[in-house]
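Have a look at the structure that comes next, please.
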Amino acid sequence: MHGGNVHAIQRQTGIQVSALLDFSANINPLGIPAALLEVMKASLEESVHYPDPDYHRLYESMARFFKCDQNRLVIGNGAAHVIHELLTLLQPQKALLMAPTFSEYRQALEKCDTAIKTLSLSSEDAFDLPLDQLEQQLQRGIDLLILCNPNNPTGRIISISQMKQVLNLCRGHRCRLLVDEAFIDFTTNESIDSLVKETAHWQELTVIRAFTKIFAIPGIRLGAAVLGDVNLASRVRTHMVPWSVNVVAESMADFLNTQEAANYLSRSVTLVTEEREWFFGELQKIAGLKPVPGSANYLLVALDESAPTVEALQEYLLQQGIMIRNCSNYDGLHHRWFRVAVRRREENRKLIDHLNCFLTQNAQN
């Protein structure tokens with residue numbers, strides 16, 4: 001189960017998609033850039049032709065954007081597609097996942113019959129990665145470690161210095177490292193940087209990047225991997241289903257390195273940073289809620305034991321036309337946890353008002 005399933009909510013409640021305020025999906029609150037929308041509309045005329053099976057323009061554009069060698073790139077129909085293709089080819093014997101983290105990793109590994117081990121992240125430590133416990137796990141013969149940075153759903157980040165420690169541990173224990181950076185474009189912390197540039201130095205490293213979140217195009221689907229292992233990258237490209245990226249997504253090649261794209265990315269980080277800080281501060285003020293400090297475009301929040309369950313909160317908010325992400329199905333979380341996307345101030349304020357109302361009413365009952 002993922003966030004953003006507005007169609008299921010419409011079927012269950014009868015509320016039209018256009019009337020829903022969706023805090024369950026972590027999409028850029030600025031919406032799709034106007035210039036990108038025009039590029040994609042124009043690309044529809046190319047729908048009478050097959051996409052370029054080798055995606056020459058898109059690979060060239062993406063390599064410029066990531067500042068990496070083209071032969072390290074793999075492009076697919078969203079980050080999840082790339083992850084599934086990569087793991088299907090790798091067939092890891094024993095993998096290590098954090099708990100909680102993005103559920104798609106486990107689903108992809110289960111398809112490969114991989115033995116899955118988990119390292120539980122503690123809410124008392126704000127779900128930060130314990131390097132000492134990680135090393136203990138790697139000593140047990142793990143051949144693939146998967147990290148999400150910033151982590152989904154916690155929003156917690158691993159600094160570049162810590163990541164280099166992780167890379168050294170992985171190299172020492174002959175373990176591949178897959179880092180999912182789907183939300184890294186929203187971060188502003190100076191100690192945080194993409195590991196893409198490190199792929200030139202670490203053969204065991206693969207970095208996943210997504211365009212659906214930052215450019216607000218989840219319905220288009222476009223993701224990529226940058227691999228330290230050039231031979232593996234070539235094998236994944238060969239293994240990939242032909243024409244897995246459609247001509248509309250392919251047209252990103254004409255937008256990605258423009259000044260409009262750079263301006264949009266800058267405005268996105270500014271907006272999300274300001275709103276996240278305001279949102280976090282307002283959530284802290286509400287008795288019965290405990291938000292986790294995050295660095296992405298979403299926040300993880302816990303309800304106190306004295307408060308109703310997240311299911312009750314979810315039902316109440318749906319009556320107001322608001323969706324949140326119930327996190328009880330995340331490994332390592334429970335029925336007190338939920339996640340909310342960072343949206344624009346007016347929308348964030350509306351959710352804060354309804355959370356206040358819900359908890360105040362239940363405190364009086």
Do side-chain atoms of Asn151 reach the backbone of Ile158 as a donor and acceptor pair under 3.5 angstrom?
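Such a contact is absent between Asn151 side chain and Ile158 backbone.
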Taking side chain as C-beta onward, heavy atoms only, is Leu333 less than 4.5 Å from Leu300?
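With C-beta onward as the side chain, the pair touches.
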Ignoring hydrogens and geometry beyond distance, is a side-chain donor-acceptor pair present between Gln136 and Asp132 at under 3.5 Å?
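The criterion, which ignores hydrogens and geometry beyond distance, is not satisfied for Asp132 and Gln136.
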Measure up the Tyr264 and Phe215 rings against each other and bin them: parallel (under 30°), tilted (30 to 60°), perpendicular (over 60°).
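Ring orientation of Tyr264 relative to Phe215: parallel.
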Exactly one of Phe186, Phe183, Phe23 should register a ring pair (Phe, Tyr, Trp, His ring centres under 6.0 Å) with Tyr298. Which one does?
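Of Phe186, Phe183, Phe23, ring pair (Phe, Tyr, Trp, His ring centres under 6.0 Å) with Tyr298 is met by Phe183 alone.
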Show your working on side-chain contact (heavy atoms from CB on, under 4.5 Å) between Met98 and Phe127 and close with a plain yes or no.
CA-CA 10 Å; Met98 302 302 104; Phe127 298 102; over 6 Å; no
Do any N or O atoms from the side chain of Ser295 and from the backbone of Thr187 form a donor-acceptor pair under 3.5 angstrom?
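Not confirmed, Ser295 side chain does not pair with Thr187 backbone.
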If you group Ile, Leu, Val, Met, Phe, Trp and Tyr by side-chain heavy-atom gaps below 4.5 Å, do Leu265 and Leu30 land in one group?
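Leu265 and Leu30: one cluster.
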Atom pair OG (Ser268) and NZ (Lys213), whose distance is rounded to the nearest 0.5 Å:
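Between Ser268 OG and Lys213 NZ, I get 14.5 Å after rounding to 0.5 Å.
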Examine distances only and state if a side-chain atom of Arg276 and a backbone atom of Ala296 form a donor-acceptor pair shorter than 3.5 Å.
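Yes, the answer is positive, given that a donor and an acceptor are paired below the 3.5 Å cut-off.
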Are any non-hydrogen side-chain atoms of Met252 and Phe65 less than 4.5 angstrom apart?
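No; the side chains remain at least 4.5 Å from each other.
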For Arg171 versus His201, what's the shortest heavy-atom pair and its separation?
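Between these two residues, the closest heavy atoms are NH2-O, 3.2 Å.
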Cluster link Tyr50 to Leu222, ILVMFWY, side chain under 4.5 Å
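Yes; Leu222 is reachable from Tyr50 via cluster members.
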Taking Thr360 for its side chain and Cys357 for its backbone only, find out whether a donor-acceptor pair lies under 3.5 Å.
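The answer is no, because no donor-acceptor pair under 3.5 Å joins these two groups.
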Just wondering, do Leu351 and Leu317 contact through their side chains at under 4.5 Å, heavy atoms?
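Answer yes - side chains close enough.
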Joint hydrophobic cluster, Ile27 plus Ile217, side-chain heavy atoms closer than 4.5 Å
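No; Ile217 is not reachable from Ile27 via cluster members.
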Could you please spell out the steps behind the side-chain contact (heavy atoms from CB on, under 4.5 Å) verdict for Leu138 and Leu134?
CA-CA 6 Å; Leu138 293 180; Leu134 174 63; 4.3 Å; yes
Sidechain-backbone polar pair: Arg221 side chain, Ala249 backbone, donor-acceptor under 3.5 Å
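No: the side chain of Arg221 does not pair with the backbone of Ala249.
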Between Leu232 and Leu89, is any pair of side-chain heavy atoms under 4.5 Å apart?
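In contact.
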Could you check if a side-chain atom of Ile83 sits within less than 4.5 angstrom of a side-chain atom of Ile146, using non-hydrogen atoms only?
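Answer no - side chains too far apart.
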Please answer whether the main-chain N or O of Asn231 pairs with a side-chain N or O of Ser234 as donor and acceptor at a distance below 3.5 Å.
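Not at all, since once roles are kept as given, no pair shorter than 3.5 Å links the two residues.
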Does Tyr59 share a hydrophobic cluster with Trp243, counting links as ILVMFWY side-chain heavy atoms below 4.5 Å and allowing steps through other members?
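Yes; tracing contacts between hydrophobic side chains, which count when under 4.5 Å, links both residues.
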Indicate the atoms forming the closest heavy-atom contact of Cys170 with Leu145, along with that distance.
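The answer is SG-CD2, 3.9 Å.
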Between Asn326 and Ser328: side-chain donor-acceptor atoms closer than 3.5 Å:
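There is such a pair (donor and acceptor under 3.5 Å, judged by atom type) between the side chains of Asn326 and Ser328.
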Working note: Lys290 + Ser123, criterion side-chain contact (heavy atoms from CB on, under 4.5 Å); need CA distance, chi angles, decisive distance, verdict.
CA-CA 11 Å; Lys290 185 179 179 181; Ser123 60; over 6 Å; no
Measure the shortest side-chain to side-chain distance between Asp185 and Phe211 over non-hydrogen atoms and say whether it is less than 4.5 angstrom.
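No. Closest side-chain heavy atoms not under 4.5 Å.
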Tell me whether Lys285 is salt-bridged to Glu282, with the criterion being a basic N under 4.0 Å from an acidic carboxylate O.
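Salt bridge flag = yes for Glu282 with Lys285.
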Are Asn348 and Val340 close enough that some pair of their side-chain heavy atoms sits under 4.5 Å apart?
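Not in contact.
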CG/Asp22 to CZ/Arg325 distance, rounded to the nearest 0.5 angstrom?
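Taking CG in Asp22 and CZ in Arg325, the distance rounds to 11.5 Å.
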Could you tell me whether the side chain of Arg156 and the main chain of Pro293 form a donor-acceptor pair under 3.5 Å?
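Indeed, once roles are kept as given, a pair shorter than 3.5 Å links the two residues.
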Leu167 reachable from Leu169 in the ILVMFWY side-chain graph, under 4.5 Å edges:
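Hydrophobic grouping puts Leu169 with Leu167.
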Test log, rule side-chain contact (heavy atoms from CB on, under 4.5 Å), inputs Asp304 and Leu359:
CA-CA 10 Å; Asp304 283 350; Leu359 289 164; over 6 Å; no
Is it true that atom CD of Glu60 has more than 12 heavy atoms of other residues, nucleotides or ligands lying nearer than 6.0 Å?
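Open: at most 12 neighbouring heavy atoms sit under 6.0 Å from CD of Glu60.
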Between atom CD1 of Ile142 and atom CG of Leu119, what is the distance when rounded to the nearest 0.5 Å?
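Going from CD1 on Ile142 over to CG on Leu119, the span is 10.0 Å.
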Classify the side-chain pair Glu104/His84 by whether it contains a donor and acceptor separated by less than 3.5 Å.
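A pair is found: one side chain offers a donor N or O, the other an acceptor, under 3.5 Å apart.
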If you draw a 6.0 Å radius around CZ in Arg174, do more than 12 non-hydrogen atoms from other residues or ligands fall strictly inside?
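Open: at most 12 neighbouring heavy atoms sit under 6.0 Å from CZ of Arg174.
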Indicate yes or no for a side-chain donor-acceptor contact from Asn297 to the backbone of Val342 under 3.5 Å, with no hydrogens or angles considered.
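A pair under 3.5 Å: no.
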Working to the nearest 0.5 angstrom, can you tell me the gap between Glu311 CD and Leu313 CG?
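Rounded to the nearest 0.5 Å, the CD-CG separation comes out at 9.5 Å.
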Do Asn257 and Ser61 have side-chain N/O donor and acceptor atoms under 3.5 Å apart?
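Indeed, the side chains of Asn257 and Ser61 share at least one donor-acceptor pair under 3.5 Å.
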Salt bridge or not for Asp331 and Arg106, using N-O below 4.0 Å?
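Salt bridge: yes.
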Working to the nearest 0.5 angstrom, can you tell me the gap between His354 NE2 and Ile322 CD1?
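If I round to the nearest 0.5 Å, the distance is 4.5 Å.
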Closer than 4.0 angstrom, basic N to acidic O: yes or no for Asp229 and Arg235?
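No, no charged N to carboxylate O under 4.0 Å.
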Minimum-distance pair of heavy atoms, taken over all atoms of Ile75 and Ser244:
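The answer is O-OG, 4.4 Å.
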From Asn246 CG over to Met40 CE, what is the distance, rounded to the nearest 0.5 angstrom?
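Rounded to the nearest 0.5 Å, the CG-CE separation comes to 8.5 Å.
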Less than 4.5 Å apart, any side-chain heavy atom of Trp202 and any of Val207?
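Not in contact.
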Can a donor-acceptor pair be found, under 3.5 Å and without considering hydrogens, that links the side chain of Arg336 to the backbone of Leu303?
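Answer holds: no.
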Please check if any side-chain donor atom of Arg339 sits under 3.5 Å from a side-chain acceptor atom of Asn152, or the reverse.
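Yes - a donor-acceptor pair under 3.5 Å links their side chains.
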Can you name the nearest heavy-atom pair linking Thr101 to Cys148, along with the distance?
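The answer is OG1-CB, 3.7 Å.
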Do we see a donor-acceptor contact under 3.5 Å between the side chains of His239 and Glu85?
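Looking only at side-chain atoms, Glu85 and His239 do form a donor-acceptor pair, the distance falling under 3.5 Å.
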If you look at every heavy atom in Ile214 and Asn28, which pair is closest and at what distance?
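Here Ile214 and Asn28 meet closest at O-ND2, 2.7 Å.
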Would you check if the side chain of Gln162 reaches a backbone N or O of Ser159 as a donor-acceptor pair within less than 3.5 Å?
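Here the side-chain-to-backbone pair exists.
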Passing candidate, side-chain contact (heavy atoms from CB on, under 4.5 Å) with Leu227, options Asn71, Leu86, Leu178
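So, applying the side-chain contact (heavy atoms from CB on, under 4.5 Å) to Leu227 and each of Asn71, Leu86, Leu178, only Leu86 qualifies.
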Measure the acute angle between the ring planes of Tyr105 and Phe102, then classify it against the limits of 30° and 60° as parallel, tilted or perpendicular.
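Tyr105 and Phe102: perpendicular rings.
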Would you indicate whether Gln139, at its atom CD, is surrounded by more than 12 heavy atoms from other residues, nucleotides or ligands within a distance under 6.0 Å?
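Counting other residues, nucleotides and ligands, CD of Gln139 exceeds 12 neighbours.
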Parallel, tilted or perpendicular: ring planes of Phe358 versus Tyr316, cut at 30 and 60 degrees
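Geometry flag for Tyr316 against Phe358: tilted rings.
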Quick check on Gln284: does its CD atom have over 12 non-hydrogen neighbours (other residues, nucleotides or ligands) under 6.0 Å away?
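Atom CD in Gln284 is packed in, count exceeds 12.
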Give a yes or no on whether a salt bridge exists between Lys164 and Glu198, defined as a side-chain N under 4.0 angstrom from a carboxylate O.
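A salt bridge is present here (some side-chain N lies under 4.0 Å from a carboxylate O).
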What are the two closest non-hydrogen atoms of Val245 and Glu250, and how far apart are they?
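Val245 and Glu250 have their closest heavy atoms at CG1-N, 3.9 Å.
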Hey, are Arg237 and Asp54 close enough for a salt bridge, meaning a charged N less than 4.0 Å from a carboxylate O?
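Judged by the 4.0 Å cut-off on N to carboxylate O distance, Arg237 and Asp54 do not form a salt bridge.
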